[in-house]
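See below for the structure under consideration.
Chain A is the first sequence line, chain B the second, and so forth, proteins listed ahead of strands; every chain is numbered from 1. Note: hydrogens, waters and symmetry copies are ignored here, and every other heavy atom, side chains too, is used. All of these numbers come straight from a predicted model, not from anything done at the bench.
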Amino acid sequence: MSYDASKIDKKWQKYWEESSTFKTKHDSEKDKFYCLDMFPYPSGEGLHVGHPRGYVATDTFSHFQRMRGFEVLHPMGWDAFGLPAENYAIKTGIHPKITVEKNIENFKKQLRAIGFSYDWEREINTTDPEYFKWTQWIFIKLFEKGLAYEDTRPINWCPSCKTGLANEEVVNGLCDRCDAQVEKKDIRQWVLRITKYADRLLEDLEELDWPESIKEMQRNWIGKSVGAEINFKVKEINYDIEVFTTRPDTLFGATFLVLAPEHDLVKKILSKDVNIENLEEIKNYSEKTKKKSELERTDLAKEKTGVEIKGLKAINPVNKEEIPIWIADYVLGFYGKGGIMSVPAHDDRDYEMAKKHNLEIREVIKGGEIPYIGEGEMVNSGEFNGMKSEKGKEAILELLEKEKRAKRAVNYKLGDWVFSRQRYWGEPIPLVHCENCKIVPLNEEDLPLKLPETEKYEPTGTGESPLSKIESFVNTKCPKCKKDAKRETNTMPQWAGSCWYYLSFIMRGEKENMEFPFSEYKKSFEKWLPVDLYVGGAEHAVLHLLYARFWHKFLYDIGVVSVKEPFKKLKNQGLIMGEGGVKMSKSKGNVISPDQVIKEHGADVLRLYEMFLGGFEDKVSWSETGVSGMRRFLEKVEENSQKVKEVSPSKNLERILHETIEKVTSDVKEFKFNTAISSLMILNNEFRKEKEVPREFFLVFIRLLAPFAPHFAEEIWEEVGEKPSVLKQSWPESIKEKMKKESFSIIVQINGRVRDTITVNQGEDKEKVKEEVLKSEKVKKWIEGKEIKKEIFVPGKLINFVI
RNA sequence: GCCCGGGUGGUGGAAUUGGUAUACACGCACGACUUAAAAUCGUGUGCCAUAAGGCUUGAGGGUUCGAGUCCCUCCCCGGGCACCA
């Protein structure tokens, strides 16, 4: 028996569209459930089977939640700013807008073919001016609140993309997009003060139902360390060196200071007349460091280099010892105070440094082999000897604070977010530079500020955006004083549009065009936020997922939204690899497109197989023969549908039915789609054994199957004489009573090894079971002539004799 | 180096609180149908052994009547972080 999948797919997709089956009722009375996919960048290549994995999961879950009585918001949109369309424009002269439109059309066609239950009426596109007027509006608010500022400083520059990058976009010193070696360059930039939110971004992670690994990555990225800044006087000149440390308790072991080569003191001695014996040497080392790339400098394997500043000594504030001052490139200029107190006995790096340059290593914490990093009892620390190091931290700090030689301090690895790009295809930053009024944001009524039309998209490479070459765009009037002024020409990064898009889907339910102001949407936000379930790839851990949380917290602060976090529960889908576990790639020619699978087997086989492949968060490999197994499953269901009759079911079948309801329900809740499907298969196999399938049971089965194979389920539902849509039916409920077995197989163990199984009735007590068991020939054979020392009886499960 | 995941048949993968390891699916073998093949259906399928039985969840040890599951030591694979003081 076979069925025409493509006919069924089309029929039901048309039906759903025409009867608006999945339109979200904005002001529904039901409890809401917001189920969101990370929206895609519509690339020219289209989808491969890896993309829809997350989408299938959220779609299955959305159906499940609808059937359980929730009003589900399940939207889709396009994150369409970005370099590929722009690079394509540079090559071909075709405007990115055109390319993006074409790609979206293709993506949408592919997604529709899978039959997702998106409410397409709420579709958004980040490059649509009606959308990005809001991105610009939020930027203006950030600017007004002092959270967006202009800055010129050395930032990461990708020479290939010809634009500045955020720290988050640099991976091992390479550009996250194109893998080019990133350089440092001084460019005027717009920077967002994400560091102001560092503590809240860190603390609020606790309340999120996210994978622990993603939370950990964000914690590491924020990199909070609590400690103190300690002040060392320089003996020869009037200068204080401040260092940041998390271990004030080791201060007596600080046998030298190390400064980054770009430290202020180094600049000072190079420019001023201070009596330094080895000025040339210091100058050379400093120069050499500048030439090193970040990658070279942070290479852990390399030896510790450095130069002593001969002629200067620092004074340790706690014991007044005079200690040498070094410069070395293992100390980073941009972190903490750009200098450290070196405690070689209790820090690996300082230990290496001391070994290499014959510096004093003095144990001050007892506890293990030098270098010993842990806590312990303080020694060689004057009045603090014998104190536990945890207590010593406090004690030393208190002493120094009194003398004004130290203050408590917190440091973060997280830096402010470099937010401007020197490229064409992004949201223009809505600011104007005016000679009188300095920097002035556009008025709300002047938004959106659209991108100017041009033929030339090439980045200039000079640190200026291509927009700066377009005079009609650059020259404008100041919104405040109306005099001639110039527009800001940098654009926003890729990540801007995705920082708030989950709000736009709610807004679209309120107003088609998302008109200003935000206050119009407050009630809707209150109803629909937060996103209850958010699904996407793990690669956005410290990019989109961090940036969006930052913007959301800002919007919370200015009263737009009333929940602290945007995404309550997060799930990451695992990668889908090609046959044999190799990565799918064009060059290997092993890319499988969902279109192929749909053409051959239909959308539901694709959906089922993607969910059956393995654990949702695990990396899995595609297999062609595996796909055909799913096809067989559906064909067998179709066969069973032919046997549906009004007959009274057996107790056994009833039990299995209710077990299946129970299993599928709990599995879907836990995102264990693979085992949910396998239990559906088991029930279907039970139906196959029956001459006639009880109609009532079969209908329950189809309802359970519907979220996984919606087209097919609708068709069978109709075929057995029910009215569509099965997806509008309620979710079946299991009844505990019906899951009880009348008789049990009891495992009989001798010394913990299984020797026999016997069948007993429900609720039999130990003595009765034992009596039964001892009748068994197999058991007799093992027990004969032995003494039973102990009996363990687990009701309904097993009996174990120890002999 | 540090922090998370993992390691189960030929393959993808299942196993509530410790209680029949290998569900479900793929593959394979044999049989039926067929002139034949494909498809389909049926049977079998962890390993060793003719059998009785023995062995088996990366390796070794421990706790327990009983361990894939708990504890200790180690190996391997995947991911993340990594001079952040």
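Between the CD atom of Glu638(A) and the C1' atom of rC41(B) there is a distance of 17 Å, rounded to whole Å. One can place CD1 of Ile222(A) at 17 Å from C1' of rA82(B), the figure rounded to the nearest angstrom. Atom C1' of nucleotide rG66(B) and atom CD1 of Ile799(A) are separated by 14 Å, given to the nearest angstrom. The interatomic distance linking Arg631(A) (CZ) with rU40(B) (P) rounds to 10 Å, in whole Å. Following rounding to the nearest Å, Phe334(A) (CZ) and rC83(B) (C1') show an atom-to-atom distance of 10 Å. Distance CG (Asn220(A)) to P (rG80(B)): 13 Å, rounded to an integer number of Å. The distance between atom CG of Asn411(A) and atom P of rC83(B), rounded to the nearest whole Å, is 16 Å. Taking atom NE2 of His346(A) as the reference point, atom P of rC83(B) lies 23 Å away to the nearest angstrom.
Under 3.5 Å, the side chains of Asn652(A) and Arg655(A) contain a donor-acceptor pair of N or O atoms. Checked by atom type, the side-chain pair Glu360(A)/Thr255(A) shows no donor-acceptor distance below 3.5 Å.
With both ends at atom C1', the span from rC33(B) to rG6(B) equals 46 Å, rounded to whole Å. Nucleotides rG66(B) and rG18(B) are separated by 15 Å at their P atoms, to the nearest Å. As rounded to the nearest Å, rU11(B) and rG58(B) have P atoms that lie 13 Å from one another. Spacing between rG9(B) and rG27(B) at atom C1', rounded to whole Å, works out to 12 Å. On the P atoms, rC55(B) is 13 Å away from rG68(B), given to the nearest whole Å. Spacing between rA37(B) and rA15(B) at atom C1', rounded to whole Å, works out to 40 Å. Distance check on atom C1': rC3(B) versus rU63(B) gives 29 Å, rounded to whole Å. Annotation: rC76(B) and rU8(B) have their C1' atoms spaced 15 Å apart (nearest Å).
Within 4.0 Å (heavy atoms only), Val258(A) reaches no atom of the nucleic acid at all. Contacts of Ile747(A) with the nucleic acid, taken as non-hydrogen atoms under 4.0 Å apart, include base atoms.
Of the nucleotides present, rC4(B) is the one that pairs with rG78(B) by Watson-Crick or G-U wobble criteria, both distances under 3.5 Å. Across the strands present, rU64(B) finds no partner; the criterion is a Watson-Crick or G-U wobble pair with both atom distances under 3.5 angstrom. Within the shown strands, nothing qualifies as a pairing partner of rU22(B) under the Watson-Crick or G-U definition with both distances less than 3.5 Å. Under the Watson-Crick and G-U wobble criteria, each requiring two contacts below 3.5 Å, nucleotide rU69(B) is left unpaired. rC55(B): Watson-Crick or G-U partner is rG46(B), with both key distances under 3.5 Å. The partner of rG31(B), taking Watson-Crick or G-U wobble pairs whose two distances both stay under 3.5 Å, is rC41(B). Nucleotide rA36(B): unpaired (no Watson-Crick or G-U wobble partner with both distances less than 3.5 Å).
Toward the 5' end of RNA chain B, the nearer of the two residues Leu332(A) and Ile792(A), judged by each one's closest nucleotide, is Ile792(A). For Lys619(A) and Asp347(A), each mapped to the nucleotide of RNA chain B holding its nearest heavy atom, the one lying further toward the 5' end belongs to Lys619(A).
No salt bridge links Arg632(A) with Glu635(A); every basic N to acidic carboxylate O contact stays at or beyond 4.0 Å. No salt bridge links Lys636(A) with Glu639(A); every basic N to acidic carboxylate O contact stays at or beyond 4.0 Å. Comment: Lys304(A) engages Glu352(A) in a salt bridge, judged by a side-chain N to carboxylate O separation of less than 4.0 angstrom. Note on Glu229(A) versus Arg405(A): no salt bridge recorded, every NZ/NE/NH1/NH2 to OD/OE distance being 4.0 Å or above. Contact check on Lys663(A) versus Glu659(A) returns no salt bridge, with no Lys/Arg side-chain nitrogen under 4.0 Å from an Asp/Glu carboxylate oxygen. In summary, Glu303(A) and Lys356(A) engage in a salt bridge, as defined by a charged side-chain N under 4.0 Å from a carboxylate O. Contact check on Arg219(A) versus Glu206(A) returns a salt bridge, with a Lys/Arg side-chain nitrogen under 4.0 Å from an Asp/Glu carboxylate oxygen. Between Glu375(A) and Lys393(A) a salt bridge is recorded (basic side-chain N to carboxylate O distance below 4.0 Å). Contact check on Lys571(A) versus Glu670(A) returns no salt bridge, with no Lys/Arg side-chain nitrogen under 4.0 Å from an Asp/Glu carboxylate oxygen.
Base orientation at rG9(B) is syn, since its O4'-C1' glycosidic dihedral falls within 90° of 0.
Closest to the side chain of Lys663(A), out of rA15(B), rC83(B), rG42(B), is rA15(B).
Shortest non-hydrogen contact noted between Phe708(A) and Ala676(A) is CZ-CB, 3.9 Å.
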Pick out the pairs of N or O atoms, protein on one side and nucleotides 1-10 of chain B on the other, that lie under 3.5 Å.
none

Report all interatomic pairs (protein N or O, nucleotide N or O of nucleotides 22-25 of chain B) with separations under 3.5 Å.
from, atom 1, to, atom 2, distance (Å)
rA25(B), OP1, Asn685(A), ND2, 3.2

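Within the structure, every side-chain polar atom (N or O) of Arg219(A) is placed at least 4.0 Å from both OP1 and OP2 of rC81(B). Checking the phosphate oxygens (OP1, OP2) of rA15(B), a side-chain nitrogen or oxygen of Lys672(A) falls inside 4.0 Å. A sub-4.0 Å separation between OP1 or OP2 of rA85(B) and a side-chain N or O of Tyr335(A) is present.
Side-chain atoms of Asn800(A) and base atoms of rC65(B) include a donor and an acceptor less than 3.5 Å apart.
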